Each structure stands twice: as C-alpha cells, then as structure tokens.
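Only a predicted model underlies this, so the values are computations on that prediction, with no experimental measurement involved. Only heavy atoms go into these numbers, but all of them, side chains included; no hydrogens, no water, no symmetry mates.
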Amino acid sequence: MEVKAFRLLPNEDIKKWLDSFTKEQQVNAACILACVGSLRCLSIRFAGREDITILKQKFEVISLGGTLSKHGSHLHIAVADESGNVMGGHLKEGSLVNTTVEIIVGVLSGYEFLREWDNATGFKELTIQ
C-alpha cells in the first residue's frame with residue numbers, strides 16, 4: 001500500500017477533490033485511512049433517503065471512510081456540530097472546507113475497484129478485481 005497525505009484548504013469540496021485526485025492520478029483502488037478537519041457546508045445523504053441535505057454551518061469532521069477509484073467513490077462521513085451533536089451519512093459534492101481538512105489515503109496496488117449496477121440493491125455497488 002502506498003500512503004498519500006493531503007491538506008485541503010478553505011472552500012475546497014472534499015468529495016469533488018477526492019474524485020478528481022483518483023481520476024487525474026488513474027488510481028485503481030484506494031481507501032480513506034484517516035480524516036479530520038472542519039467544514040462550513042455539509043452536503044449529505046442520510047440513510048434510507050434519496051434526497052440530499054445541505055447544511056450551511058460549521059462542523060468538525062469526526063471521521064471519513066470509504067473506497068475510491070477512478071471509476072467512482074463511496075464515502076461516508078460523520079461530523080459534529082457546535083453543540084457536539086453527531087450525524088453521518090453519504091458524503092456528497094458540495095461539502096466545503098472551513099479552515100482545513102487533513103486526509104490520509106491508502107492506494108492499494110494489485111486491486112481495481114469498479115462501480116457496477118446491482119439489481120438487488122438498485123445502486124452502483126463495489127466490484128473488486
């Protein structure tokens with residue numbers, strides 16, 4: 001595994017940045033090893049819902065996990081608000097950095113993560129090669 005470390009700056013979009021990184025670098029398979037930082041806007045899809053919720057307030061990133069490749073990503077985020085309330089779900093484009101976000105990515109050699117339609121779930125799901 002090759003480990004890459006990044007620091008995102010204010011107003012950068014976390015999901016968009018990660019998806020661009022994997023496409024530009026032609027990453028076949030990767031995972032999030034660690035992530036901390038702060039957001040000023042959270043774009044999230046909560047469990048069991050189809051709509052995306054956009055929350056414009058300050059959040060601390062508690063964790064980010066998921067799989068990445070040039071074929072697409074599947075990322076879940078947990079954040080805490082100013083009262084310490086924690087929420088989580090699918091990270092969507094539009095989640096913007098407040099002060100900084102530190103991300104450690106593990107690039108996995110010998111694997112390729114594809115996203116293929118799964119009739120059983122109704123979503124594009126991970127296929128590992």
Side-chain angles (χ1 to χ4, degrees):
M1 174 172 37
E2 181 181 359
V3 177
K4 306 248 183 203
F6 307 100
R7 178 174 175 242
L8 278 59
L9 301 174
N11 299 315
E12 289 191 280
D13 183 316
I14 298 176
K15 183 167 186 337
K16 195 176 200 179
W17 192 95
L18 285 166
D19 287 341
S20 291
F21 163 75
T22 56
K23 286 179 184 161
E24 289 169 9
Q25 298 296 310
Q26 291 294 293
V27 173
N28 289 321
C31 62
I32 303 294
L33 300 175
C35 180
V36 295
S38 64
L39 301 178
R40 67 172 184 82
C41 182
L42 174 65
S43 182
I44 191 168
R45 184 175 62 78
F46 294 114
R49 302 210 24 209
E50 293 184 22
D51 60 312
I52 295 171
T53 300
I54 298 173
L55 302 168
K56 293 182 178 182
Q57 63 187 75
K58 292 181 181 173
F59 293 99
E60 290 293 326
V61 177
I62 304 302
S63 70
L64 177 68
T67 54
L68 304 158
S69 84
K70 62 187 178 188
H71 304 291
S73 62
H74 185 185
L75 300 166
H76 288 190
I77 191 166
V79 296
D81 66 15
E82 68 277 358
S83 299
N85 299 309
V86 176
M87 68 180 82
H90 291 271
L91 178 70
K92 305 305 273 182
E93 283 192 16
S95 296
L96 305 177
V97 174
N98 183 42
T99 56
T100 192
V101 168
E102 303 161 8
I103 301 175
I104 311 301
V105 175
V107 178
L108 309 170
S109 59
Y111 291 92
E112 186 164 13
F113 292 165
L114 303 174
R115 293 266 153 214
E116 298 179 329
W117 185 259
D118 185 323
N119 287 328
T121 66
F123 293 99
K124 283 188 172 182
E125 300 288 3
L126 178 67
T127 302
I128 303 165
Q129 294 187 348

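- In terms of the ring pair (Phe, Tyr, Trp, His ring centres under 6.0 Å) criterion, F46 has no residue partners (sequence neighbours excluded).
- Taking the six-membered ring where tryptophan is involved, the planes of H76 and H90 are perpendicular, since the angle between them exceeds 60° and thus also 30°.
- With hydrophobic clusters built from ILVMFWY side chains whose heavy atoms lie under 4.5 angstrom apart, V97 shares a cluster with L55.
- Contact annotation: the side chain of R115 approaches that of L126 to within less than 4.5 Å [non-hydrogen atoms, C-beta and beyond].
- Between T53 and K92, the closest side-chain pair of non-hydrogen atoms is not below 4.5 Å.
- Atom CD1 in I52 sits 11.0 Å away from atom CG in L42 (nearest 0.5 Å).
- Proximity of S69 to V27: side-chain heavy atoms (C-beta onward) are nowhere separated by under 4.5 Å.
- Shown here for R45 and R49, the closest heavy-atom pair between the two residues is NH1-O, 2.9 Å.
- Between L75 and I14, every side-chain heavy-atom pair lies at or beyond the 4.5 Å cut-off.
- In the hydrophobic cluster analysis, where Ile, Leu, Val, Met, Phe, Trp and Tyr join through side-chain heavy atoms closer than 4.5 angstrom, F6 is grouped together with I32.
- Note on L91 and V86: separate hydrophobic clusters, where clusters join Ile, Leu, Val, Met, Phe, Trp and Tyr whose side-chain heavy atoms are under 4.5 Å apart, directly or indirectly.
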Give every donor-acceptor pair under 3.5 Å between a side-chain atom in residues 100-112 and any protein atom, sequence neighbours left out.
unit_1, atom_1, unit_2, atom_2, d
T100, OG1, R7, NE, 2.8
T100, OG1, L8, O, 3.3
E112, OE2, H71, NE2, 2.7

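- Annotation: side chain of C41 is in contact with side chain of I54 (closest heavy-atom distance under 4.5 Å).
- Expressed to the nearest 0.5 Å, how far OG1 of T127 lies from NZ of K124 amounts to 11.0 Å.
- To the nearest 0.5 angstrom, K70 atom NZ is 14.0 Å from E24 atom CD.
- Scored by the side-chain hydrogen bond (donor to acceptor under 3.5 Å, both in side chains) test, S73 finds K15, D19 as partners (sequence neighbours excluded).
- Both W17 and V61 belong to a single network of hydrophobic side chains, linked directly or stepwise wherever heavy atoms of I, L, V, M, F, W or Y lie under 4.5 Å apart.
- At a threshold of 4.5 Å between non-hydrogen side-chain atoms, the residues F113 and I128 count as touching.
- Side-chain contact between L18 and L64 is present, with heavy atoms from C-beta onward closer than 4.5 Å.
- Between D13 and L96, the closest side-chain pair of non-hydrogen atoms falls below 4.5 Å.
- What you find for E93 and S43 is that their closest heavy atoms are O-OG, 3.0 Å.
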